[in-house]
There are 2 protein chains.
Amino acid sequence: MVDTDTRKEQIYEAASALFSAHGYEATSVRDIARELGLQGGSLYAHISSKEDVLFEIVVRAADAFYAAVAPLTERADPTLELMRQMIHAHVGVVVNNLSHAVVFQQDWRRLAGPRKLEVLALRDGYEALFRRVIAAGLARGELRECDPRLTSTLLLSALNGLPAWFQPDGRLDADTIADNFADLLLNGLGATSVRSEP
Amino acid sequence: MVDTDTRKEQIYEAASALFSAHGYEATSVRDIARELGLQGGSLYAHISSKEDVLFEIVVRAADAFYAAVAPLTERADPTLELMRQMIHAHVGVVVNNLSHAVVFQQDWRRLAGPRKLEVLALRDGYEALFRRVIAAGLARGELRECDPRLTSTLLLSALNGLPAWFQPDGRLDADTIADNFADLLLNGLGATSVRSEP
DNA sequence: CCTACCGATCGGTAGG
DNA sequence: CCTACCGATCGGTAGG
């Protein structure tokens with residue numbers, strides 16, 4: 001884990017709160033400094049650019065998702081149960097690191113060239129976890145026919161919307177949301193009174 | 001339809017292209033003007049603020065979604081078939097108005113107070129179309145048990161991710177995407193060899 | 001970590 | 001629609 005008390009860490013925390021609330025471009029370095037009781041220029045004793053701060057927040061969020069979900073994919077559980085666990089883990093990361101997750105989702109495109117590509121690779125690596133589980137499930141006949149690449153994209157498309165609408169003090173907790181996501185994505189909406197193996 | 005050749009319309013087109021590519025805050029009025037071969041200040045003969053332009057783009061996108069989907073909800077078709085049509089219509093709007101859809105999804109939060117609330121109401125009105133269809137489907141026993149409010153949110157969460165990853169010149173066309181969305185959200189991922197009514 | 005400052009750019013306006 | 005400009009603010013730096 002990272003030291004949570006250094007000035008650098010305080011900067012990341014303040015920045016992710018402000019970025020998530022107002023967006024990266026609409027947040028100035030002086031806004032971040034004010035939050036910590038500092039002058040704008042003083043930040044540069046700890047960071048070397050505003051974009052560095054964004055990059056660090058985004059990469060940490062990507063790492064958090066990967067760290068929570070990747071270990072699950074090693075399990076031998078039935079595919080549908082495994083995917084339910086992955087959905088729960090993903091939702092858990094969003095709920096427990098909300099401002100980071102919002103920035104990850106909302107502002108990663110504001111990174112410049114090479115770093116944007118780096119984050120793109122992290123995002124694809126994460127999606128690949130789902131893609132491979134789906135492909136394996138297909139091979140075992142535990143999923144209906146589908147294109148793993150497109151399906152994993154659609155699935156993450158659904159999960160990635162969560163940071164935009166989740167309310168920490170709302171009526172919905174992480175497990176309720178994850179259960180309903182899993183029901184929707186794994187079982188669908190149709191009424192199915194009977195469901196049997198081939 | 002709107003006149004597509006007035007300067008005002010050209011401004012909206014140029015702005016939505018730039019906003020969608022770089023974000024609202026990172027786009028200057030001079031960027032928009034340059035795209036039209038004008039000086040920055042000249043824009044203000046046609047618009048009264050940068051935010052006005054954003055608001056217009058966002059409201060038009062919201063209207064496009066509503067206009068495409070609302071008429072479908074009047075039909076007497078089976079719920080699952082109806083929802084499949086709604087998903088197709090939604091995806092069609094994204095694909096045919098991509099830059100507007102991106103701005104709608106990416107930048108609507110940058111609107112100030114009252115206008116943000118207005119757009120929030122439009123978004124909720126749109127979600128209500130899905131919510132009501134789901135509730136009606138439940139009442140008719142055509143859907144499995146679920147909370148219509150949460151489920152419509154999850155469903156739109158999935159659809160709203162599309163503008164962020166759709167590539168106009170990619171391998172996927174609107175119908176393929178819509179069919180796969182519908183399969184995922186209505187049937188789920190699980191292998192179901194038998195499916196019968198109660 | 002502050003003071004003081006850099007050049008650049010921002011959204012928007014006046015006057016024609 | 002342009003020229004010329006407004007005050008404000010931007011990310012970042014020098015020197016201490």
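Below, read A as the first sequence line, B as the second, and so on, with proteins coming before strands; counting in each chain starts at 1. When reading the values below, keep in mind they use all heavy atoms of this one structure, side chains included, and skip hydrogens, waters and symmetry mates. Predicted model, so just to flag it, every value in this text is computed and none were measured.
Residues B/F181 and B/L186 are not in side-chain contact: their nearest non-hydrogen atoms beyond the backbone lie 4.5 Å or more apart. No side-chain heavy atom of A/Q106 sits under 4.5 Å from any side-chain heavy atom of A/P163. Between B/E13 and B/H100 the shortest side-chain heavy-atom distance falls below 4.5 Å. B/L189 has its side chain out of reach of A/T79: every pair of non-hydrogen atoms, C-beta onward, lies at least 4.5 Å apart.
For DNA chain D, the outermost nucleotides in 5' to 3' order that have an atom under 4.0 Å from a heavy atom of chain A are D/dC10 to D/dT13.
With salt bridges taken as basic N to acidic carboxylate O contacts below 4.0 Å, none links B/R75 and B/E81.
Contacts between residues 45-59 of chain B and DNA chain D, defined by a heavy-atom separation under 4.0 Å, are made by B/A45, B/H46. Residues of residues 36-43 of chain A having a heavy atom closer than 4.0 Å to DNA chain D, listed by number: A/G41.
Atoms CD and OG1, from B/E35 and B/T27 in turn, are 10.0 Å apart once rounded to the nearest 0.5 Å.
Qualifying side chain to side chain contact (heavy atoms under 4.5 Å, CB included) partners for B/E56, counting only residues two or more places apart in sequence or in other chains: B/Y12, B/R60.
Aromatic pair B/Y66/B/H90: ring centres not closer than 6.0 Å.
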Candidate pair A/V29 and A/Y44, rule side-chain contact (heavy atoms from CB on, under 4.5 Å), full reasoning: CA-CA 9 Å; A/V29 291; A/Y44 290 87; 3.4 Å; yes
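Every pair passing salt bridge (charged side-chain N to carboxylate O under 4.0 Å, His left out) that includes a residue from residues 119-128 of chain B is listed here, sequence neighbours excluded: B/D124-B/R131.
Taking each heavy atom of B/I32 and B/A15 in turn, the nearest pair found is CD1-CB, 3.9 Å.
With a 6.0 Å radius and a threshold of 12 heavy atoms from other residues, nucleotides or ligands, A/H46 has its NE2 atom above the threshold.
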What would the secondary structure line of DNA chain D be in dot-bracket form, counting Watson-Crick and G-U wobble pairs under 3.5 Å, with [ ] for pairs that cross earlier ones and | for pairs with another strand? ||||||||||||||||
